[in-house]
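Take a look at the structure set out below.
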Amino acid sequence: TPAYTVTGTFTAVSQYMFRGQRLGGPSWQPSVEVGAGDFTAGLWSNLPFKDKVKDTSAPEFDLYGSYTWNVDKELSIVPGITLYDYPKAPTNAGYCRATIEPSLALNYTYAGVKLTPKLYYDFTLSGPTYELTAAYALPLKDFGTELDFTGQIGSYIQRNVANKTDPDVKAWGNYWQLGVAAPFQITKESKLTVGFAYTEGTSASVK
């Protein structure tokens, strides 16, 4: 086993959706991740090339890190942190150019289903996000792949979403997503994944 691994991913998406909100149209999402034992760190980015949503993720660069503490074979605890960077966000229009968000996740696997409740708290936007993800892999041995099913629900409340305003601007809402993906191993070091997801935001409000 190597002391560390480096993984590069180049993704193309038809829409950039984040917690039930559309932040961009067709986009490139390249990323690089380094793993060393139970520690993981990486850089993820979003670069829309069509149907850009004004003053949102164009571009976006996210630095993240996490540590996985394995309690036993079925249970692990994962603290993490993400720095969201929007270098072109117009601060004079109330947008933040950077936010920081620690998180704490619990991974529990039962009967092949991986359940992940996760709590985030954005210190810049002053609010939590509560999220629950369920994942299941269905082997397709005859095709040399599997179907990776994912379901997710979440809710957020942010008490200071606008930069330097008085009074504070609050936002809250819910979201859910269903997705499926199929990975195909190309070489020992590379694979191609094709996926589809439907996501929807509900009860989104700003005050």
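- Without hydrogens or angle criteria, Arg159 side chain to Gly127 main chain gives no donor-acceptor distance under 3.5 Å.
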Check step by step if side-chain contact (heavy atoms from CB on, under 4.5 Å) holds for Tyr156 and Gln158.
CA-CA 7 Å; Tyr156 63 88; Gln158 299 163 343; 4.2 Å; yes

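- Here the NZ atom belonging to Lys188 is positioned 12.0 Å from the OG atom belonging to Ser190, to the nearest 0.5 angstrom.
- Scanning all heavy atoms of the two residues, the minimum distance from Cys96 to Thr99 falls at CB-CG2, 4.2 Å.
- In this structure, CD on Glu74 lies 12.5 Å from CG on Leu115, to the nearest 0.5 angstrom.
- Taken from CD1 in Ile100 to CG in Leu83, the straight-line distance is 6.0 Å, to the nearest 0.5 Å.
- Inter-residue side-chain proximity for Thr11 and Ser31 is flagged as unmet; no heavy-atom pair is nearer than 4.5 Å.
- Residues Asp51 and Arg22 meet the side-chain proximity criterion, which asks for heavy atoms closer than 4.5 Å.
- Cluster annotation: Trp69 is connected to Leu104 through the hydrophobic network of ILVMFWY side chains, with a link wherever side-chain heavy atoms come within less than 4.5 Å.
- Cluster annotation: Ile153 and Tyr110 are assigned to distinct hydrophobic clusters (Ile/Leu/Val/Met/Phe/Trp/Tyr, side-chain heavy-atom contacts under 4.5 Å, transitive).
- Looking at Thr116 and Asn107, their side chains do bring a donor and an acceptor atom within 3.5 Å of each other.
- Formation of a donor-acceptor pair under 3.5 Å by the Thr109 side chain with backbone atoms of Gly112 is not found in this model.
- One distance of note links CD of Glu131 with OH of Tyr120; it measures 4.0 Å at 0.5 Å rounding.
- Taken to the nearest 0.5 Å, the CG atom of Leu132 stands 12.5 Å off from the OG atom of Ser155.
- Proximity of Tyr108 to Val71: side-chain heavy atoms (C-beta onward) are nowhere separated by under 4.5 Å.
- Between the side chain of Ser45 and the backbone N or O of Pro30 there is at least one donor-acceptor pair closer than 3.5 Å.
- Tyr86 OH to Asn46 CG: the interatomic distance, rounded to the nearest 0.5 Å, is 9.5 Å.
- Residues Glu33 and Val6 form no side-chain contact, since every pair of their non-hydrogen atoms from C-beta on lies 4.5 Å or further apart.
- Under the ring pair (Phe, Tyr, Trp, His ring centres under 6.0 Å) criterion, Phe196 pairs with no residue at all, not counting sequence neighbours.
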Start with the C-alpha distance between Leu138 and Glu146, add both sets of side-chain angles, then the distance that settles side-chain contact (heavy atoms from CB on, under 4.5 Å), and finish with yes or no.
CA-CA 5 Å; Leu138 177 66; Glu146 64 185 23; 5.9 Å; no

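- Around atom CZ of Phe10, more than 12 heavy atoms belonging to other residues, nucleotides or ligands sit under 6.0 Å away.
- The two residues Tyr175 and Tyr130 have their closest heavy-atom pair at OH-O, 4.3 Å.
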Assess the residue pair Phe123 and Glu101 against the criterion (side-chain contact (heavy atoms from CB on, under 4.5 Å)); give the C-alpha distance rounded to whole Å, side-chain angles, the decisive distance to 0.1 Å, and a yes or no.
CA-CA 6 Å; Phe123 282 116; Glu101 186 180 62; over 6 Å; no

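- Scanning all heavy atoms of the two residues, the minimum distance from Lys118 to Ser103 falls at CE-OG, 3.6 Å.
- Both Tyr84 and Leu23 are part of a single hydrophobic cluster, where members link through side-chain heavy atoms under 4.5 Å apart.
- Cluster membership for Trp176 and Val113, using ILVMFWY side-chain heavy atoms within less than 4.5 angstrom, is not shared.
- A donor-acceptor contact shorter than 3.5 Å is absent between the side chain of Asn70 and the backbone of Asp72.
- The two residues Ile186 and Leu192 have their closest heavy-atom pair at CG1-N, 3.9 Å.
- The backbone N or O of Val78 sits nowhere less than 3.5 Å from a side-chain atom of Thr68 that would complete a donor-acceptor pair.
- A 4.5 Å side-chain heavy-atom check between Tyr95 and Asn163 finds every atom pair outside the cut-off.
- Counting heavy atoms from C-beta outward, Thr150 and Val180 have side chains that stay 4.5 Å or more apart.
- Val32 is connected to Leu47 through a chain of hydrophobic side-chain contacts under 4.5 Å among Ile, Leu, Val, Met, Phe, Trp and Tyr, so both are in one cluster.
- Between the side chain of Gln15 and the backbone N or O of Met17, no donor-acceptor pair lies under 3.5 Å.
- Side chain of Ser27 to main chain of Gly25: a donor-acceptor pair is present (N/O by atom type, distance under 3.5 Å, no hydrogens or angles).
- Ring to ring, Trp44 and Tyr64 are not that close: their centroids are 6.0 angstrom or more apart.
- When side chains are defined from C-beta on, Asp122 does not count as touching Thr129, because their heavy atoms never get closer than 4.5 Å.
- Pro26 is not listed as a side-chain neighbour of Pro48, based on a closest heavy-atom distance of 4.5 Å or more.
- Under a 3.5 Å cut-off, the side chain of Glu200 and the backbone N or O of Gln177 do not form any donor-acceptor pair.
- A tilted orientation is assigned to the rings of Tyr16 and Phe18, their planes being inclined by 30° to 60°.
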After noting the C-alpha distance and the side-chain angles of Lys170 and Ile157, does the key distance pass the side-chain contact (heavy atoms from CB on, under 4.5 Å) rule?
CA-CA 8 Å; Lys170 302 175 178 63; Ile157 178 169; over 6 Å; no

